[in-house]
Asks: 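Handing you a structure now.
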Amino acid sequence: MNYSPPAIDYVAIAPMIVIFGAAIVSVLVEAFTPRSVRRYLQLLIVFGSLIAAAALIVINASTRVVTAGQAIVIDGPALVLQGAIVIIALLGAALMAERSIDSVGDAFASRVSSLPGSEEEKQFTQRGYLQTEIWPLTLFAVLGMMLFVTSNDLLIMFIGLEIMSLPLYLMTGMARRRRLLSQEAALKYFLLGAFSSAFFLYGAALVYGYAGSITFPEIAQTVTSKPGESLVLMIGLGMVLIGLLFKVGAVPFHQWVPDVYQGAPTAVTGFMAATVKIAAFGALLRILYVAFGGVRWDWEPIIWIIATLTMLVGSILAVVQSDIKRMLAYSSVAQAGFILIGVAAASAAGIASTMFYLIAYGFTTIGAFAIITMVRDAGGEATNLATWSGIGRKSPVVASAFAVFMLALAGIPLTSGFVGKFGVFAAAIEAGMVWLVIVGVVASLIAAFFYVRVIVVMFFAQPTDQTASVVVPSAFTTVALAAGAAVTVILGVVPQPVLDLVANADVFIR
Amino acid sequence: MSAFPWLTTLGLLPLIGSIVVALLPKSKPTLAKQVSLVVSGAVLALTIAMALQFDGASTQPFQFVESYPWIPSFGISYSVGVDGIGLVLIALAATLVPIVILAGWRDIEGDQESEGSVKGYFALILALEALMIGVFAATDVFLFYVFFEVMLIPVYFMIGRYGGPQRSYAAIKFLLYSLLGGLFMLASLIGLYVVSARELGSGTFDFLSLVGLEMDPNTQKMLFLGFFFAFAIKAPLWPFHTWLPDAAAQSKPGTSVLLIGVLDKVGTFGMIRYCLPIFPAASEFYAPVVIGMALIGIFYGAYVALTAQDMRRLFAYSSMSHFGFIALGIFVFTSSGQSGSVVYMVAHGLSTAALFLTAGFLMSRRRDSALIADYGGVNKVAPVLAGFFLVAALSSLALPGLVSFVGEFLVLLGAFERYLWVGALGTLGIVITAAYVLRLYQKSMTGPANPSIEGMTDLKGREITALVPIAALSITLGLYPAPLLNVINPAVDWTMNTISAVDPEPVVSSDGSQP
């Protein structure tokens, strides 16, 4: 039997190759270079490769190609989402690179392998060990995300999913403080994540059984040409959806979100909250629109129900949280619901508005978590909402920035969150889903309550003995925070360039 | 038409002023106040200059028009312009802001309850002024919505940081109520955009393009409800009023004046500007419901005011009753009713300002108590204060010769022209108004002097300076309302033509003289 290797368009996938190469080099640096230079080398590799990847994506901007034997597709949505992932990962990496906030060093455990509370751990901390293992993991996670949004078949999508997820499980468990919480979160994330991956894989197998192919275009062809309903297809699709909806944190697959967001080091939380959402929604959009566009009447109601549940449950549970990281976790669940409205619209406007929302949400989220890393008391980060009381009086600038992020998440005009919400609501009404939008409106109001509550606590309440203080960070966090705030405001006031960008990239190619 | 960007300048001036004030050092509160006063004075001067350029005979629906694309993807533009209604409401805002600044000169310092800085309060007032001008000037519905929503933020901080003991609760109640309305309006707004995209080829938010848009009746009704709901909360009409008394009772007098005197007018302004011309059929369909709500509001508000113990709550409920009149005038679809409503908006702004400010001066002399029972016989110790209080009270009950009478009379006339019984019921409302206003005056100002007010000082120069312009305007426009009506009537006629409503005979003469 003749085997001819598939032709690969190396230029089109150059951004991924760069990140992949950098990740490998990063592992080697970790293994073979002396401790003293590791950090500098790693930072050089990470920031250098991310910037290079971003530049290559820009250079590739007009590329529309299916390559690697139909396995990978580089089209408008893929480029936009890859670009967003890479740029937001840059900001996330800046948060992780911060070393002047925590007096002990950085936010990560000196030796992740040491037992929490053990003598060994104490010694490592006393000797001031700082680790740099986070960097290769970050690069692999970014690579997974980039592959996730460009995959054109079920298997590559699964591989992307795993490359993205495995490093994130580890990164979740690396917190320096409250290590038990962090490790518990990591284990929970890993177990549930593995479970959901299994769902995805089993679903993929069923879909293959039905369609006889794993590539999206061929699945699409079979789906539209085979007459009649198919139970195998529906079960397969359902299971694939479970795997993806787990990653976006949609109800009822959201249970991991609060624990993981709370337990993970805050810089990692910010990084993954922003980028995983982009990647997973990118994959969800592609699989639904490209492979299963022919049965949209079957999956649309499911997305409606999931979106409704996600918005309402996320918003309502966020109201009762007293920990700011958990609150933002439930908020991210609610936001996933709003984004699902755009997905449900099943139109070009739906794709464009979903992408805009993801970009806006990513920058706002990074900024918000950047501030959480800075608000500290003796025990480390002060995440209890009560300790934020009166912070607006002590540090008005930082508190105002946080207020901007909260207003953006609440969708107040002149912030990016409003334009995002407007876009998905408009797409949904155009598609005739008035009721979904009304649910969205009600959920927005509930959500506004807890976003505004943070502002109340920061500005209206008196500072108490327990009020945390805001630590002045180094340039890393400052830049990430400033970029997050700037994009949040700019996308709210002059969104047109980015709207044009997503509107010119709203077509999936096959 | 002058090419000078009047409205943009008018909006930018207080905005820049607000930023300047916010950046002043905290140690110089007086400088912050002076700068605020100068800026608001300049805005007023500019407004007057603009008003003098306004062409009452123009056939264009809007004057001082500016338009630039903003977010072309969604058909959104930065478009501003005013008709007569927008102009008088901008003028109302521009008049009240310097008065509020002057009257609130000492409201913030020495106040243990508030924690915000002095400059912060005045910066917020100026920011709010910019947004108020924007909301009345916007001719792009989306732009209007943006101002409508963003306006909440300074008010929220004004209540929440500078109010009374329950300020946080009042602020969040206000915010959530308003946001709820705003979000429903947003849903309608998007719906309107989608309809316009379907009808006109490309979606737009330009007000004039949206007027006369073909819509099927059901869509129109749904979209109308979204808008109306937001406006009814803002105004507020019964039964969406519960946030108002709390907000009024917890705010500084200046905040209350701007909130009830100007901001709430955005609700009634929105009804006449957006609900009627864009959704004429739906407006007609829902008119009986709105009129019912208005009548209930008139009586319910007046009844609660009759039993209120707290002066500020009394004013809030009385405002609710007055908003009933304003909404009534709008939804009877007669030109006299609508002209009357607009005059009433101005009049109510003035009388609310007079009431809240005078009451504020009174309360500042007695440890901030707002209980009516804590006062009595004030006219013996502080006759000037009592005098201004009387003028304010009489303006509230619409005594002939004061501008509120012109508004109320025209509204009732309009109501009578359309539905006899509505007019008759509305007239009954006046009687209760007279009862609670006079009861308030009698209990607090006349009779034997309450021991607790002994040694109360009378109004001082600054306080009198703040009140005189309001009283003067009330009386002047009451005796000679023609300038006001000449500006308002063309705008009302335009609205009436747009919704092809015809006045029942006889029509009130449009030269403004009272029959």
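Note on naming: letters A, B, ... go to the chains in the order of the sequence lines (proteins, then strands), and numbering restarts at 1 for each one.
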Asks: Does any backbone or side-chain atom of B:L179 lie under 4.5 Å from a heavy atom of chain A? Answer side chain, backbone, both or neither.
Replies: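 For B:L179, the contact with chain A is made by backbone and side chain together.
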Asks: Give, as side chain, backbone, both or neither, the part of B:L186 having an atom under 4.5 angstrom from any heavy atom of chain A.
Replies: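 Side chain of B:L186 only, per the 4.5 Å heavy-atom cut-off to chain A.
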Asks: For the atom pair CG (B:L183) and CD1 (A:I438), what is the distance rounded to the nearest 0.5 Å?
Replies: 12.0 Å
Asks: Determine the minimum heavy-atom distance between A:A426 and B:V194, stating which atoms define it.
Replies: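 Heavy atoms only, the tightest pair is O-CG2, 4.0 Å.
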Asks: Decide yes or no for A:V419 and B:F74: does some side-chain heavy atom of the first lie under 4.5 Å from some side-chain heavy atom of the second?
Replies: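 Heavy-atom side-chain distance check passes, below 4.5 Å.
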Asks: For B:I153, which atoms come within 4.5 Å of any heavy atom of chain A: side chain, backbone, both, or neither?
Replies: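 The side chain, not the backbone.
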Asks: Pick one of side chain, backbone, both or neither for B:F157, based on which atoms fall under 4.5 Å of a heavy atom in chain A.
Replies: both
Asks: Centroid-to-centroid, A:F459 to B:Y156, below 6.0 Å?
Replies: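 Centroid distance A:F459-B:Y156: not below 6.0 Å, so no.
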Asks: To the nearest 0.5 Å, tell me how far B:E149 CD sits from A:T415 OG1.
Replies: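 Going from CD on B:E149 over to OG1 on A:T415, the span is 10.5 Å.
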Asks: Assess whether side chain to side chain contact (heavy atoms under 4.5 Å, CB included) is satisfied between A:V452 and B:I172, documenting all intermediate values.
Replies: CA-CA 8 Å; A:V452 167; B:I172 204 147; 4.0 Å; yes
Asks: Under 4.5 Å, counting heavy-atom pairs only, tell me which of B:L189, B:L175, B:V146 racks up the most with chain A.
Replies: B:V146
Asks: Show, in sequence, the C-alpha distance, side-chain angles and deciding distance for A:F418 and B:Y145, and conclude whether the side chain to side chain contact (heavy atoms under 4.5 Å, CB included) test is met.
Replies: CA-CA 12 Å; A:F418 174 73; B:Y145 173 78; 3.4 Å; yes
Asks: Of all heavy-atom pairs between A:Q496 and B:W70, which one has the smallest distance, and what is that distance?
Replies: CB-O, 4.2 Å
Asks: Please rank B:P72, B:S168, B:A171 by heavy-atom pairs under 4.5 Å with chain A and give me the top one.
Replies: B:P72
Asks: When rounded to the nearest 0.5 angstrom, what is the spacing between OH in B:Y177 and CG in A:L445?
Replies: 11.0 Å
Asks: Grab the two heavy atoms, one from B:S73 and one from A:D500, that are nearest each other, plus how far apart they are.
Replies: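 Answer, listing the atom of B:S73 first, then A:D500: OG-OD1, 3.8 Å.
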